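Report on one structure; see the data block that follows.
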Amino acid sequence: MNKIQLLAKEMKHFFSPQIVTDVYSICKQLGIDIVEAPIKADAYLKCEDGSSYIVLKESLNANRKKFTIAHELGHFYIPWHSELMFGCDIKEMDFKNDYTPREKEANIFAAELLMPTEEFKNFFSGRINYTIVSGLANLFDVSFQAALNRCIDLASEDCIAICSVNRCVKWFKSTEDFPLFINRKKVSELSGADELFDMQLFQVKTIQEPGYVWFSNADDKDIEEESVLFPTYNEVISIIHLKNES
């Protein structure tokens, strides 16, 4: 466990030891006010004249607000984040190489605060599918994306998660040893994900297909794709395994 995770563990132990972390209670105990406003960024933390407050974008949904507050608590609690922070765009799926080091640290802090490694592993077998991730999201009261990110970090199997919006690949994140490389900016018409964009209601679709539907180096490998439509955002998240590892 690294220094960031130890700091998050310390905060949880002292301020919210129950399984579901109450970030609002933590802020109250630390004297941090929470304000919602129509700002462009997701949030920012401001500390001046002995007062501290977190400003949240008012349009964020409840689970996004929770992760965002946890992220800002990281900026507040990590000693070398002591200067003023402005304009955090919070990503529950922390996958971008150009995401600044301190933003990554705040995300690590938030994940550990909301889904502590030891407790998470007590309920996570190391296998990833929609049912498992959704159950963990409900148990820890976090978003599906936040739980999925945690699962990929702690998985015992190789897989990749791909998020598509309006049939365009928005982001992807794989386990460390996943051997295939995604080669598409747009979702293939042969994929299960493509079919879901024509639906209007929440859907889960599982299919087996050739690896080349998604990947450039699949050769003759087959894959299993489980895609989930979140119609509110016109977003599909696909969880993909090699067929012989499913």
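Just the heavy atoms: all of them, side chains too, but no hydrogens, waters or symmetry mates, feed the values below. Source: prediction; values computed, not measured. The first residue in the sequence is number 1, and the count goes up from there.
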Study note, to complete from the structure: Members sharing Leu6's hydrophobic cluster, built from side-chain contacts under 4.5 Å between Ile, Leu, Val, Met, Phe, Trp and Tyr, are Met1
Exercise for review: With Lys243 as reference, evaluate Glu225, Glu224, Glu209, Gln208 under the side chain to side chain donor-acceptor pair (under 3.5 Å) test and give the passing residue.
Suggested key: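 Passing option: Gln208.
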Quick check: closest heavy atoms across [X] and [Y], and the distance to 0.1 Å?
| X | Y | value |
| --- | --- | --- |
| Ile237 | Phe230 | CD1-CE1, 4.0 Å |
| Leu180 | Leu242 | CD1-CD2, 3.6 Å |
| Lys3 | Trp80 | CD-CH2, 3.5 Å |
| Ser164 | Phe197 | O-CZ, 3.5 Å |
| Tyr233 | Val165 | O-CG1, 4.2 Å |
| Ala41 | Lys57 | O-CE, 3.2 Å |

Check your understanding: Do Val187 and Ile162 touch side chain to side chain, with heavy atoms closer than 4.5 Å?
Key -> no
**Study point:** Tyr130 vs Thr206 side-chain heavy atoms within contact, under 4.5 Å
**Key:**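 When only atoms from C-beta onward are counted, Thr206 and Tyr130 do not touch, as no gap falls below 4.5 Å.
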Okay, side chain of [X], backbone of [Y]: is any donor-acceptor separation there less than 3.5 Å?
| X | Y | value |
| --- | --- | --- |
| Ser227 | Gly192 | no |
| Thr175 | Ile152 | no |
| Asp22 | Tyr24 | yes |
| Glu226 | Asn129 | no |
| Glu157 | Ile128 | yes |

Exercise for review: Output all residues satisfying salt bridge (Lys or Arg N to Asp or Glu O under 4.0 Å) with Glu176, sequence neighbours left out; order by chain, then residue number.
Suggested key: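 Expected list: none.
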Check your understanding: Does a sphere of radius 6.0 Å around CD in Gln18 hold more than 12 heavy atoms from other residues, nucleotides or ligands, not counting ones at 6.0 Å or beyond?
Key -> yes
For [X] and [Y], which I'm curious about, is there any donor-acceptor pair between the side chains at under 3.5 Å?
| X | Y | result |
| --- | --- | --- |
| Glu103 | His71 | yes |
| Ser143 | Gln145 | no |
| Ser216 | Arg184 | no |
| Thr68 | Glu72 | no |

Check your understanding: Under the side chain to side chain donor-acceptor pair (under 3.5 Å) test, which residues partner Ser134, sequence neighbours left out?
Key ->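 Ser134 satisfies side chain to side chain donor-acceptor pair (under 3.5 Å) with no other residue.
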Point to revise | Trace of the ring-ring contact (aromatic ring centres under 6.0 Å, His included) decision for Phe124 with Phe140 | key: CA-CA 12 Å; Phe124 178 46; Phe140 288 92; over 10 Å; no
Check your understanding: Roughly how far apart are Leu136 CG and Cys151 SG, rounded to 0.5 Å?
Key -> 5.0 Å
Practice item. Mind checking the NZ-CG spacing from Lys66 to Asp141? Nearest 0.5 Å is all I need. Key: 3.5 Å
Practice item. Mind running salt bridge (charged side-chain N to carboxylate O under 4.0 Å, His left out) on Asp198 and Arg167 for me, showing each step along the way? Key: CA-CA 10 Å; Asp198 294 324; Arg167 288 189 166 88; 3.1 Å; yes
Practice item. Would you mind checking if Asp153 and Lys173 are paired as a salt bridge, meaning a charged N to carboxylate O distance below 4.0 Å? Key: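 Salt bridge between Lys173 and Asp153, a charged N being under 4.0 Å from a carboxylate O: yes.
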Point to revise | Among Lys9, Lys12, Arg150, the one residue meeting salt bridge (charged side-chain N to carboxylate O under 4.0 Å, His left out) with Glu112 | key: Arg150
**Study point:** Centroid separation Phe202 to Phe144 less than 6.0 Å
**Key:** no
